[in-house]
*Asks:* 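The structure under discussion is supplied below as structure tokens; questions concerning it will follow.
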2 protein chains.
Amino acid sequence: MEIKLKDHIDKLIPLTDDEFAFVLSHFKFEKYHKNDFLIQQGEDVDDCYYVVTGLLKLIYMDQGGKQHIVSFAMEDWWESDFSAFFTQSKAKMSLQCIENTVVFSISLSDYQKLSTELPKMERFFLQKSNLGHIASQNRIISFLTSSANERYEQLLKQYPTLFQRVSKTLLASYLGVSRETLSRLSS
Amino acid sequence: MEIKLKDHIDKLIPLTDDEFAFVLSHFKFEKYHKNDFLIQQGEDVDDCYYVVTGLLKLIYMDQGGKQHIVSFAMEDWWESDFSAFFTQSKAKMSLQCIENTVVFSISLSDYQKLSTELPKMERFFLQKSNLGHIASQNRIISFLTSSANERYEQLLKQYPTLFQRVSKTLLASYLGVSRETLSRLSS
DNA sequence: GTTCTAGTGTGACAAACATCACAATTTTAA
DNA sequence: TTAAAATTGTGATGTTTGTCACACTAGAAC
């Protein structure tokens with residue numbers, strides 16, 4: 001389990017074994033079951049999560065009670081309600097397991113402590129944040145330029161494995177179309 | 001001009017005058033005219049920009065030649081084609097002046113040098129990147145949960161000044177609807 | 001096995017939105 | 001100033017998508 005996190009960090013910023021042991025001491029190892037909530041809308045967000053195995057959905061529930069998938073979090077992804085996490089405010093989104101899931105979690109104080117004590121990790125977090133920003137921007141471009149059908153094909157191309165793991169209803173919610181519309185799309 | 005950048009950084013990470021002088025030595029001061037391009041789709045992206053005064057649009061052009069506004073960049077905003085900037089690849093977007101614009105620009109090597117030499121700035125860039133990521137995610141939520149009409153009202157509420165500064169055509173392109181539809185929206 | 005539930009497909013209809021067309025107005029540039 | 005270009009509003013029409021309804025299936029719980 002630990003080796004997955006080390007390999008993941010090493011891809012961007014190589015660490016010595018000692019450095020990684022120090023990094024690891026800031027994380028908690030946690031297991032969750034399908035349907036468990038890691039974050040509940042309206043409650044505090046203590047942690048940020050690295051997904052070792054499993055699958056999560058980041059959900060925003062609108063005034064009408066309709067759920068929207070802001071993001072899926074798969075193996076090797078970092079996820080949280082970052083806005084609430086960084087500002088220590090109440091969650092505007094929920095983070096829930098689609099499958100049994102294993103994570104490393106880190107609190108904001110440990111995140112900041114680690115960043116200060118080990119500049120390599122601050123560099124790592126910066127690069128991760130930049131990549132997350134870029135990914136979100138690409139999703140925005142997809143909304144601006146593509147029809148539901150095209151967004152569906154893009155998703156299928158980018159994450160082919162997702163289709164065996166999540167229901168069409170959830171995919172529709174991620175794509176921003178109704179379940180019925182997704183069901184009628186061509187390819 | 002310099003004081004605006006200092007105040008901007010100070011809001012997140014207070015700097016001494018010496019530190020700021022060091023920071024400033026990594027930036028270039030540049031002036032552009034309306035319609036000038038800071039970044040051209042398909043070309044190299046040397047710099048990341050801090051907007052002192054003026055207004056820019058970050059544009060993505062699709063295969064059909066239609067332009068989509070990925071982002072407006074106003075006073076105090078940081079903008080670039082970050083994907084191309086960080087990976088030193090060709091721009092997938094263009095950055096163009098809507099008004100005469102004054103910026104501080106920084107190259108990737110100076111960005112990295114500054115981050116390494118002054119940890120406070122790495123912290124600053126990390127916080128900025130996190131905020132950018134959160135902003136993009138909010139825009140995604142807006143696409144998922146809201147109609148064109150609602151997105152229009154949200155934009156009007158969030159950036160009331162924008163409406164005196166940019167054409168309805170550009171606003172429509174930002175909202176992801178046609179010019180005609182925007183023209184017909186209620187409020 | 002049987003029941004219960006979640007997931008899925010599809011028809012019918014309504015709402016939202018895009019596209020094309022054209023006119024009126026404002027802004028820009030020579 | 002004056003002609004050209006850009007901006008905006010609006011009608012007509014077709015496409016896309018949402019919503020409601022119902023039937024079917026597969027897997028989970030008992």
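So that the names make sense, note that chain A is the first sequence line, chain B the second, and so on, each numbered from 1.
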*Asks:* Considering only residues two or more places apart or on different chains, which pairs with a residue in residues 60-74 of chain B satisfy side-chain hydrogen bond (donor to acceptor under 3.5 Å, both in side chains)?
*Replies:* D62(B)-H68(B), S71(B)-E79(B)
*Asks:* Please give, in whole Å, the distance from dA6(C) P to L171(A) CG?
*Replies:* 19 Å
*Asks:* Counting the atoms with a prime plus P, OP1 and OP2 as sugar-phosphate, which does S183(B) contact under 4.0 Å by heavy atoms, base, sugar-phosphate, or nothing?
*Replies:* base
*Asks:* If the plane angle is over 60° it's perpendicular, under 30° parallel, otherwise tilted; pick one for H8(B) and F124(B).
*Replies:* perpendicular
*Asks:* When the distance from CD1 of I98(B) to C1' of dA6(D) is rounded to whole Å, what number comes out?
*Replies:* 15 Å
*Asks:* What is the distance from atom CG of N149(A) to atom CG of L185(A), rounded to the nearest 0.5 Å?
*Replies:* 4.5 Å
*Asks:* Within the 3.5 Å criterion, strictly below it, is a donor on D46(A) or S107(A) matched to an acceptor on the partner's side chain?
*Replies:* no
*Asks:* For L170(A) and dT8(C), give me the distance from atom CG to atom C1', rounded to whole Å.
*Replies:* 13 Å
*Asks:* Does the protein touch nucleotides 16-30 of chain C at the base, only the backbone, or not at all? Give it as B, S and - per nucleotide, heavy atoms under 4.0 Å.
*Replies:* -SBBBB------S--
*Asks:* Between Q40(B) and F37(B) (side chain of the first, backbone of the second, donor and acceptor by atom type, cut-off under 3.5 Å), is there such a pair?
*Replies:* no
*Asks:* Can you measure R165(B) atom CZ to dT7(D) atom P for me and round it to whole angstrom units?
*Replies:* 17 Å
*Asks:* Return yes if some donor-acceptor pair links the side-chain N/O of Q154(B) with the main-chain N/O of R151(B) below 3.5 Å, else return no.
*Replies:* no
*Asks:* Which class fits the ring pair F104(A) and F29(A): parallel under 30°, tilted 30 to 60°, perpendicular over 60°?
*Replies:* tilted
*Asks:* When you compare the side chains of Y32(B) and E30(B), does any donor N or O come within less than 3.5 Å of an acceptor on the partner?
*Replies:* yes
*Asks:* Are T169(B) and dT8(D) close enough that a side-chain N or O sits under 4.0 Å from OP1 or OP2?
*Replies:* yes
*Asks:* Would you tabulate the nitrogen or oxygen pairs shorter than 3.5 Å linking the protein to nucleotides 23-30 of chain D?
*Replies:*
none

